[in-house]
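Here's the structure, in structure tokens; my notes come after.
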Amino acid sequence: TYNVESFEYKILTEEFSSIDEYYASFKATLKRDSAEVLEEIKLSNVRGRGGAGFPMGLKLGFCRSVESETKFIICNADEGDPGAYSDRYLMEQRPHSVLCGMLIAGYVTHANHGVVYIRAEYPDSATIIEREIELLRAAGLIGKDIDGSGFDFDFKVIRAQGSYICGEETALINSIEGQRPEVRVRPPYPAEQGLFNKPTIVNNVETLASLHYIIEQGGAAWKAIGTDRSSGTKLVCLDSFFNKPGIYEVEMGTPMSTVINEMGGGFKLPVKAMQIGGPLGGLVPVSKINDLNLDFESFAENGFLMGHASVICIPESMPMIDFLEHLFDFAAYESCGKCFPCRLGTKRGHELLRKANTSDYKISKKLFEDLLSTLEEGSLCAHGGGIPLPVKNAMEYFEEEMKGYFE
Ligand code: SF4
């Protein structure tokens, strides 16, 4: 069990009423022109919650404009970032927000197939989602000609057996196809050629969950919440180093000091930094808390990444070299192996840090910087390309602690 709280806005955490009440706005949507509904989503400026922050309306628009008899909506529920459990919360406690979001995405893109790709570590999520899909079927809200609209849609639930990289949309698609989960070269993007080479939308659980509010209250209502470029609310996961760990629904643009000290109740133990947004997210020293707001721009301007907004604390007692060694070990283990900068670079990074951590060996700064820029510029996807960010943050903000390991 964990705390779930909202402040000011209760949208994603809103209690579920009943299928009849909840889906009334979806039924009304089916009577509207789907192009109009897409404009509403574009107006809201809702951006992907999985980490990349890509505008959802644009993505849906790309997929809609591709002619194809078969299209797919994939819900990416392979929530693999350590410390992130907001997707799990939505699937288990608010499953209809996710299912309704997929139906809406299907309606605006003319897709008739929904795939919910749920990580194997979340067996309850899969069971709950399957159970609720059957309730929708009984209510006539999925299947052929939903509510006499001519729109067909049905779901398939996949219990993923994949690894961390299956959260990357093209590796996820390969995994569904039964292939080795390797990242695909883009273009073509999934919106044009995705699952079985058909136009495909891959969206994170939380992104899809935001659509119900947008169609019910209008895109302008969502846009009015948060900041100009980061609209709406965001779920933030705080770990057990907080006095009040849990999931908080936070308006975008809220100062991080409010999230950490007021919502989370501050730290239980002395903490020196937080890794926010998963292993590829930045490493935020506690001295930067007052400079940050919870939105895409504030994090980027300060040299961090909001990502999926999970917060993992690094205690004072943990040497930074141990953290970085573990980070590279994780990155090497989870690399899909498709491109050599990441396949070799993450391994070499781990070896260098391990050697420096366990012997008198000093790492060449030049070599290490070369390694980071090769990873950043040469990697095919955000896995290899993203690992240098927290490493660079650590080198900058914990220079005193790290300099003894370098020549
Ligand atoms: S960066 Fe890593 S995970 Fe991404 S394609 Fe290359 S090897 Fe695979």
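Just so you know, ligand 1 is whichever comes first in the structure, and atom 1 is the first atom listed for that ligand.
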With sequence neighbours excluded, tell me which residues meet salt bridge (Lys or Arg N to Asp or Glu O under 4.0 Å) with K59. E169

Using the test salt bridge (Lys or Arg N to Asp or Glu O under 4.0 Å), find all partners of E316 that sit at least two apart in sequence or belong to another chain. none

Test the K355-Y361 pair against the cation-pi criterion, namely NZ or CZ under 6.0 angstrom from the six-membered ring centroid and within 45° of the ring axis. yes

Restricting to under 2.8 Å, identify the protein N, O or S atoms around atom 2 (Fe) of ligand 1 as residue plus atom. C342 SG

Pairing donors with acceptors under 3.5 angstrom, does anything connect the side chains of Y122 and D87? no

Extract all donor-acceptor atom pairs below 3.5 Å that involve side chains of residues 220-227 and protein atoms in other chains or at least two apart in sequence.
unit_1 : atom_1 : unit_2 : atom_2 : d
W222   : NE1    : S231   : OG     : 3.3
K223   : NZ     : D228   : O      : 2.9
K223   : NZ     : D228   : OD1    : 3.1
T227   : OG1    : S230   : N      : 3.0
T227   : OG1    : S230   : O      : 3.2

Taking 4.0 angstrom as the limit, do E351 and R354 come out as a salt bridge? no

